[in-house]
Amino acid sequence: MSAMPASRHFTLETLAEGVWAAIHRPGGWAVGNAGIVDLGDTTLVFDACITAEAARDLAAAAIALTGRPASSLVLSHYHNDHVRGAEMFPGTTLIATSRTRDLIDTFGREELASDIEHGGAQLARAAAMADDDDPRIRSFAAYFTPYWEGLVASAPHATLRLPEVTFEDRLTLHGTRRTVQVISLGAAHTPDDAVLVLPDDGVVFCSDLLFVGCHPYLADGEPDGWLRALEVLATHAPARFVPGHGPVGSADDVDALASHIRALEATAAGLHGEGASADDLEGLLPTDGSSAWEFAYPFYRSNVRFLLGRM
Ligand SMILES: [Zn+2]
């Protein structure tokens, strides 16, 4: 057996024979996790990283692991860290829901323009936090300095590829070795999030419907829809659940995220009852099990602020 392909952007983890997770490597430019699936006669990739540099390694890994280039690339949702690398898969058919395609073409395009315009300033801001007294802020700097370095290097050259094949709720891909399903779970983390289910392997690629060991980002989606989506994901237990961010998890991680979102809603409702405003949240930190997760700063407070703003 040949050695696993190496990348400075991600670590490859074998989940089943012919199924690999590409997990963002700290300091690398993948940011979003991805997946590679050997369907037998064709190869499928799930999500595309945030930079062309990481996606080039992902495309090469798919060839090294399966012996052929990916014929299809499924994009779970429109966020930059899951779609930008798609341009490094020439000749690969891009697949997403029609809603996600629209979102890439609108908000995704705006996000690219913003990354190009503000990337340098954001990089300087993150780098300046590297020596902060607060370890949470140093952790933010350690993650977001390479994040913005990657965007400063890649975004000005990025061409946003739009999916050529769209579906609404569910798409089944049949290979000679396995059949997989791409399922939209509707508005949750974003206005539309799809997952990749490998029923015979006990593997679900969840993208950003699951965060493991780090705080989620709620402010672009529908928290109640997200809770419903997590209930659907939990029905696939026992399985390996590959998150969009963090290491490969289990059903416990799906449950922990659902509990955390409910706790966030309760915290926001309590603050609302006290008449607190979004400006009163300075220094607010989690007290539930998520206090051990990374990126409490800045995401915990911004998630509470988002929920409070909707009340
Ligand atoms: Zn996302």
Side-chain angles (χ1 to χ4, degrees), residues 9-10 21-24 28-35 45-51 54-55 58 73-86 94-97 99-112 114-115 122 140 143-144 147-148 150-151 154-155 158 160-161 163 182-196 204-223 225-230 233 241-249 253-254 257-258 260-261 264 293-295 298-300 302-303 306-307:
H9 304 294
F10 54 79
I23 303 296
H24 170 70
W29 291 355
V31 180
N33 294 335
V45 169
F46 182 72
D47 278 349
C49 305
I50 200 170
T51 62
L58 185 65
L73 169 59
V74 174
L75 302 179
S76 62
H77 67 294
Y78 83 93
H79 281 164
N80 60 0
D81 51 330
H82 300 265
V83 308
R84 282 286 168 76
L94 243 59
I95 302 171
T97 64
R99 179 84 177 125
T100 286
R101 186 184 193 278
D102 288 345
L103 290 163
I104 294 170
D105 201 22
T106 52
F107 293 119
R109 228 173 261 295
E110 288 174 20
E111 191 177 34
L112 177 58
S114 173
D115 287 346
Q122 292 282 16
F140 173 89
Y143 185 84
F144 280 95
Y147 174 102
W148 286 109
L151 281 178
S154 65
L160 215 48
R161 250 187 91 187
V182 189
I183 302 170
S184 166
L185 295 177
H189 161 72
T190 66
D192 198 87
D193 296 276
V195 299
L196 175 68
V204 183
F205 289 91
C206 307
S207 194
D208 284 0
L209 291 184
L210 183 63
F211 288 65
V212 173
C214 53
H215 280 262
Y217 175 63
L218 267 64
D220 197 16
E222 287 292 337
W226 197 337
L227 286 171
R228 286 192 293 275
L230 289 169
L233 290 179
F241 292 91
V242 183
H245 300 275
V248 176
D253 296 295
V254 175
L257 180 57
H260 177 63
I261 292 173
L264 280 168
W293 296 353
E294 286 204 80
F295 314 127
F299 294 113
Y300 182 75
S302 74
N303 287 334
F306 167 68
L307 293 170

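First listed ligand is number 1; within each ligand, the first listed atom is number 1. Note that the structure is a prediction, hence the values are computed from the model and not measured. Start at 1 with the first residue, then count along the sequence. Note that these values count all heavy atoms, side chains included, but never hydrogens, waters or copies made by symmetry.
- A tilted orientation is assigned to the rings of H260 and Y300, their planes being inclined by 30° to 60°.
- Between Y217 and F299, the ring-plane angle classifies as perpendicular under the 30° and 60° cut-offs.
- Here H77 reaches the Zn ion (ligand 1): one of its N/O/S atoms is less than 2.8 Å from the metal.
- Checking D208 against the Zn ion (ligand 1), an N/O/S atom falls under the 2.8 Å cut-off.
- Only one option out of D192, T97, T100 pairs with S184 in a side chain to side chain donor-acceptor pair (under 3.5 Å); it is D192.
- Geometry about the Zn ion (ligand 1) gives an angle of 90° between NE2 of H189 and ND1 of H79, rounded in steps of 10 degrees.
- Using bins of under 30°, 30° to 60° and over 60° for the plane-to-plane angle, the ring pair H79/H189 lands in the perpendicular bin.
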